[in-house]
Protein chains: 2
Amino acid sequence: MATQTPDSPAAAPAARDAERTRAEILAVATREFADKGFAGARVDEIAAKTRTTKRMIYYYFGGKERLYVSALEQAYTGIRALEQQVDVEHLDPAEAIRQLTALTFDHHESHPEFIRLVSIENIHRARHLVRSEILAGLANPALDALTRILVRGRAAGRFRDDVDPIDVHMMISAFCVFRTANRYTFNAIFQRDMLDPARRDHYRTMIGDLVLEYLTAAG
Amino acid sequence: MATQTPDSPAAAPAARDAERTRAEILAVATREFADKGFAGARVDEIAAKTRTTKRMIYYYFGGKERLYVSALEQAYTGIRALEQQVDVEHLDPAEAIRQLTALTFDHHESHPEFIRLVSIENIHRARHLVRSEILAGLANPALDALTRILVRGRAAGRFRDDVDPIDVHMMISAFCVFRTANRYTFNAIFQRDMLDPARRDHYRTMIGDLVLEYLTAAG
DNA sequence: CAATGTATGTACTAGTTAGTTAGTTATACG
DNA sequence: CGTATAACTAACTAACTAGTACATACATTG
């Protein structure tokens with residue numbers, strides 16, 4: 001109890017480490033906001049779940065709303081960074097679409113917190129997202145990759161040529177987001193858990209089929 | 001200023017009318033909860049926007065949470081009643097799918113408040129919906145209609161026979177719900193308003209194509 | 001090793017918010 | 001016409017909640 005290792009995992013005051021404190025607040029805040037929404041989350045509870053105090057939230061973030069915006073910004077930039085690693089350029093167009101779709105699918109499934117924050121931000125009519133300087137000009141790597149695949153597919157005469165990349169992206173997102181975001185009410189009404197692991201492959205294939213059949217149809 | 005007509009539209013105390021007061025509270029509450037979520041909505045503000053007082057909310061509904069549940073129940077039963085009017089039994093299967101899809105599309109577009117309440121309820125992990133006696137056993141007319149269409153389509157050899165009605169319903173809902181529920185963040189990121197009237201027909205056709213191409217594909 | 005600013009904790013406050021208490025007024029009914 | 005009861009109101013309260021004032025410890029640097 002007397003001495004501490006510099007990186008003691010989860011108990012002691014962990015000396016002074018601004019970056020660490022800031023990061024811990026942000027991580028806890030992300031969970032809390034994703035769980036309860038902006039109005040439902042409590043600053044005191046966020047503080048209680050960190051190893052520091054409420055005072056530090058105001059010291060580092062300036063207020064509840066700015067903390068929420070920081071959490072949203074971090075969630076978006078994290079997701080974008082992941083998307084940037086997409087590499088489907090070397091594949092045949094159809095296979096590239098399948099991979100990209102599967103990637104989005106896996107992605108949304110493994111980041112339910114992000115999906116929840118997006119839902120919450122939509123309830124707020126994207127007020128914070130629009131005002132955020134960080135998020136305003138954030139490119140979408142997934143859309144860029146998709147655009148290039150569509151160009152190649154059209155050039156090869158494999159895809160119809162009246163499709164818009166944003167529409168295709170929308171279609172993929174709609175399916176993957178709905179599966180996670182509306183899981184609870186859907187399950188309550190239809191007694192079907194869209195995230196049941198037993199049905200995972202089925203849905204993963206389904207969205208791929210759906211998009212490809214659309215892209216290869218007559219037009 | 002002295003006398004009042006019995007049904008003066010929006011100003012006077014409107015005498016005593018229990019049903020009217022109850023309905024007005026519920027209508028205002030639905031708007032407020034859909035707008036700000038459960039935690040974000042304020043009982044005082046709901047009361048202020050009615051012609052009655054906060055006390056009446058407690059008199060008729062018993063509390064904030066029970067008022068929220070009542071609003072949710074009314075929204076769901078209203079939507080179900082509308083869906084019950086679906087009549088596509090006499091149409092050829094493909095045309096029936098197109099009509100049902102368009103109907104869901106129109107429906108979601110014209111009831112953004114309902115979509116918002118569903119999003120909010122999902123943030124709460126459908127806690128209230130699951131506990132509601134009214135909503136627990138509520139059938140889904142749209143799903144029933146869809147099931148019958150699929151049976152007919154399969155019998156006629158027009159649709160593949162490995163599709164599940166709930167999956168098809170999910171696909172339609174995903175598209176239509178996403179378009180309304182994620183409108184704001186999608187627009188902020190892609191500068192595209194999915195509810196722009198100029199693009200309405202395009203999307204309405206698109207979801208129909210999508211579903212039909214899936215249903216008529218090889219399997 | 002002094003001093004200066006960064007990082008942190010404690011205790012508080014002003015304003016808000018769900019819910020209640022203690023009544024009053026209108027209406028239906030005998 | 002009077003009285004029981006349903007419908008209604010105003011004012012209050014206890015608990016909560018975002019935000020702050022103030023005090024202090026630590027670490028870096030000259």
Side-chain angles (χ1 to χ4, degrees), chain A residues 2-8 10-29 32-33 35-71 120 124 127-128, chain B residues 2-8 10-29 32-33 35-71 120 124 127-128:
Chain A
T3 54
Q4 300 154 11
T5 39
D7 282 310
S8 70
R16 313 195 130 199
D17 188 341
E19 206 36 63
R20 215 205 137 283
T21 304
R22 214 192 113 93
E24 188 179 357
I25 291 171
L26 201 50
V28 172
E32 285 294 302
F33 284 128
D35 199 45
K36 296 168 189 156
F38 174 71
R42 297 285 167 251
V43 177
D44 282 293
E45 202 171 330
I46 292 170
K49 288 181 179 175
T50 65
R51 262 176 288 179
T52 184
T53 62
K54 181 163 64 154
R55 179 69 186 76
M56 288 297 96
I57 292 175
Y58 289 87
Y59 184 68
Y60 285 114
F61 297 94
K64 186 185 183 181
E65 189 158 15
R66 286 167 64 188
L67 177 60
Y68 169 79
V69 171
S70 295
I120 290 162
H124 294 288
R127 185 174 66 233
H128 312 93
Chain B
T3 52
Q4 301 152 11
T5 40
D7 281 311
S8 69
R16 311 194 135 201
D17 187 341
E19 207 36 64
R20 218 206 135 282
T21 303
R22 215 192 113 94
E24 188 180 357
I25 291 171
L26 201 50
V28 172
E32 284 295 301
F33 284 129
D35 199 47
K36 297 168 188 155
F38 174 71
R42 298 285 167 250
V43 177
D44 283 293
E45 201 172 330
I46 292 170
K49 287 181 179 174
T50 65
R51 261 176 289 177
T52 183
T53 61
K54 179 161 65 152
R55 183 67 185 82
M56 287 297 98
I57 291 175
Y58 289 86
Y59 184 68
Y60 285 114
F61 297 94
K64 185 185 183 182
E65 189 158 14
R66 286 167 64 189
L67 176 61
Y68 169 79
V69 172
S70 294
I120 290 162
H124 295 288
R127 186 174 67 233
H128 313 92

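So that the names make sense, note that chain A is the first sequence line, chain B the second, and so on, each numbered from 1. Keep in mind that what you see is a predicted model, and the values were worked out from it rather than measured.
- Across all non-hydrogen atoms, the minimal contact from B:Ile120 to B:Phe38 is CG2-N, 4.1 Å.
- Atom CZ of B:Phe33 is separated from atom C1' of C:dA18 by 11 Å (rounded to the nearest Å).
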Start with the C-alpha gap between B:Leu26 and B:Tyr60, add the side-chain angles, then the distance that decides, and say whether side chain to side chain contact (heavy atoms under 4.5 Å, CB included) holds.
-> CA-CA 10 Å; B:Leu26 201 50; B:Tyr60 285 114; over 6 Å; no

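- Phosphate contact (OP1/OP2 of D:dT9, side-chain N/O of B:Thr52, threshold under 4.0 Å): present.
- As judged by a 4.0 angstrom heavy-atom cut-off over every strand, B:Tyr60 is placed among residues touching the sugar-phosphate backbone only.
- Using a 4.5 Å cut-off on side-chain heavy atoms (C-beta onward), B:His124 and A:Lys36 make no contact.
- With rounding to whole Å, B:Lys36 atom NZ is found 16 Å from C:dA18 atom C1'.
- Heavy atoms only, all atoms of each residue included: B:Tyr58 and B:Gly63 are closest at CE2-CA, 3.7 Å.
- Whole-Å rounding puts the A:Arg55 CZ to D:dA25 P distance at 16 Å.
- In this structure, CE of A:Met56 is placed 17 Å from P of D:dA18, rounded to the nearest angstrom.
- Distances shorter than 4.0 Å separate none of the side-chain N or O atoms of B:Thr21 from OP1 or OP2 on D:dA7.
- Taking side-chain N and O atoms only, B:Tyr59 has a distance below 4.0 Å to OP1 or OP2 of D:dA7.
- Donor-acceptor pairing under 3.5 Å, judged by distance alone, is absent between the side chain of B:Lys64 and the base of C:dG19.
- Atoms CZ (A:Phe61) and C1' (D:dA18) sit 16 Å apart, rounded to a whole Å.
- At the heavy-atom level, A:Arg42 lies under 4.0 Å from the strands shown only through sugar-phosphate atoms.
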Test side chain to side chain contact (heavy atoms under 4.5 Å, CB included) on A:Lys64 and A:Arg42 and set out the steps.
-> CA-CA 9 Å; A:Lys64 186 185 183 181; A:Arg42 297 285 167 251; 4.2 Å; yes

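- The residue A:Ala41 sits close only to the backbone: its heavy atoms come under 4.0 Å of sugar-phosphate atoms, none of a base.
- Rounded to whole angstrom, the span from the CD1 atom of A:Ile57 across to the P atom of C:dG9 amounts to 12 Å.
- In this structure, the OH atom of A:Tyr58 is 17 Å from the P atom of C:dT10, given to the nearest Å.
- Atoms CG (A:Asp44) and C1' (C:dT10) sit 13 Å apart, rounded to a whole Å.
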